[in-house]
Amino acid sequence: MYKKGVRLVLTFFVLMSFWLVLSQNLQPTSLLIGALFSFLVALLSFDFLIKPDEGIRGRAIRTIWLLFIYVFVLLYEMFLAGFDVVYRVITMDINPEVVMIKTDIKSDLGIVLLANSITLTPGTITIDIEGDHLYVHWLYARTTHFGHAAELIKGRFEYWLRRIFT
Amino acid sequence: MIAYLFIFLGLVFIFFGTLGIIRFPDIYTRLQTSSKCDAAGAVALLVGLMVREGLDSLSLRILIILMFLLLTNPVASHAIARSAAIRGIKPWRKKKKC
């Protein structure tokens with residue numbers, strides 16, 4: 001559990017580095033304005049960026065590292081998805097179905113990331129979420145079986161996300 | 001060279017994504033091509049620009065744009081698909097031989 005001041009300072013540093021990257025300017029005036037507004041925004045919004053009950057276990061660095069790897073896994077899958085969809089566009093060989101799959105991930109952020117990843121990968125879009133059930137529209141449905149479809153769609157994303165959010 | 005390869009790949013993805021929007025039968029399948037191919041194409045374009053620019057402050061800014069794109073693109077297509085499902089639009093299905 002982080003104290004209020006620690007969360008405030010962390011939010012301030014995130015906002016300030018964002019300002020430095022975007023403004024590309026080391027003049028004192030620019031730095032002063034950036035610090036002032038970063039502090040004001042941090043004061044208003046530190047409660048949303050870092051929740052009070054997050055980061056208890058003190059392994060933020062591991063989480064960030066795993067997320068970094070996850071982005072590369074995601075990019076690789078995205079390019080495969082792009083080629084797959086291009087092939088489908090050329091041949092018009094489609095067989096759309098809506099399937100329902102179930103996930104084991106409990107945390108809200110994890111489910112959101114899983115749904116977004118499913119939307120970015122080969123021919124699948126998450127339509128709706130109810131609890132831990134996801135309704136997925138599949139461009140080329142190889143199967144409509146509950147468990148098998150889930151295995152094909154979630155694949156390795158759930159493996160990585162379970163490592164990140166447990 | 002690698003940079004131009006990436007940029008060309010992005011253009012190809014975006015071209016076929018747009019072609020798919022014209023060819024496919026209903027809203028969900030059109031959404032598939034528009035979300036997927038445009039995301040992959042835009043990412044390829046931005047990565048190409050980053051490689052061309054080298055390790056620079058500009059490519060850092062491009063990286064931030066890329067992150068925002070990866071976060072917002074699926075959310076937008078998800079919102080469109082969900083609103084279509086709530087309005088009760090049935091997905092197009094292949095005609096079965098009987």
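Residue numbers start from 1 in every chain, and the chains themselves are labelled A, B, ... in the order their sequence lines are given, proteins ahead of strands.
Hydrophobic clustering of Ile, Leu, Val, Met, Phe, Trp and Tyr side chains at less than 4.5 Å, counting indirect connections, keeps B:F68 apart from B:I62. No chain of hydrophobic side-chain contacts below 4.5 Å, direct or via other Ile, Leu, Val, Met, Phe, Trp or Tyr residues, connects B:I86 to A:I127. Hydrophobic clustering of Ile, Leu, Val, Met, Phe, Trp and Tyr side chains at less than 4.5 Å, counting indirect connections, unites B:V51 with B:L63. Hydrophobic clustering, with ILVMFWY side chains joined whenever heavy atoms are under 4.5 angstrom apart, groups A:V136 together with A:I129. Residues A:L10 and A:L44 do not share a hydrophobic cluster, clusters being chains of Ile/Leu/Val/Met/Phe/Trp/Tyr side chains in contact below 4.5 Å.
For A:Y135, no part lies under 4.5 angstrom from a heavy atom of chain B. Only the side chain of B:I64 has a heavy atom closer than 4.5 Å to any heavy atom of chain A. For B:A79, no part sits under 4.5 Å from any heavy atom of chain A, backbone or side chain. Contact of A:V112 with chain B is not made at all, since no heavy-atom distance falls under 4.5 Å.
Atom CZ of A:F79 has more than 12 neighbouring heavy atoms from other residues, nucleotides or ligands inside a 6.0 Å radius. For A:L36, the CG atom counts as densely surrounded, since its 6.0 Å shell holds more than 12 non-hydrogen atoms of other residues, nucleotides or ligands. Around CZ of A:F12, the count of heavy atoms belonging to other residues, nucleotides or ligands within 6.0 Å exceeds 12.
For the side chain to side chain contact (heavy atoms under 4.5 Å, CB included) test with B:R82, the passing option among A:T126, A:D128, A:I125 is A:D128; the others fail.
Looking at every heavy atom in both residues, B:C37 comes nearest to A:V85 through SG-CG1, 3.7 Å. Across every non-hydrogen atom of A:M78 and B:L70, the tightest pair is SD-CD2, 3.7 Å.
A distance of 4.0 Å separates CZ of B:F16 from CD1 of A:I90, quoted to the nearest 0.5 Å. Distance CG/A:D84 to CD/B:Q32: 10.0 Å, rounded to 0.5 Å. B:L71 CG to A:L113 CG: the interatomic distance, rounded to the nearest 0.5 Å, is 8.0 Å.
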Worksheet item: Would A:V71 and B:M67 count as a side-chain contact (heavy atoms from CB on, under 4.5 Å) if you check the C-alpha gap in whole Å, the side-chain angles of each, and the deciding distance to 0.1 Å?
Response: CA-CA 9 Å; A:V71 167; B:M67 283 296 148; 4.1 Å; yes

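Contacts between residues 5-14 of chain B and chain A, defined by a heavy-atom separation under 4.5 Å, are made by B:L9, B:F13.
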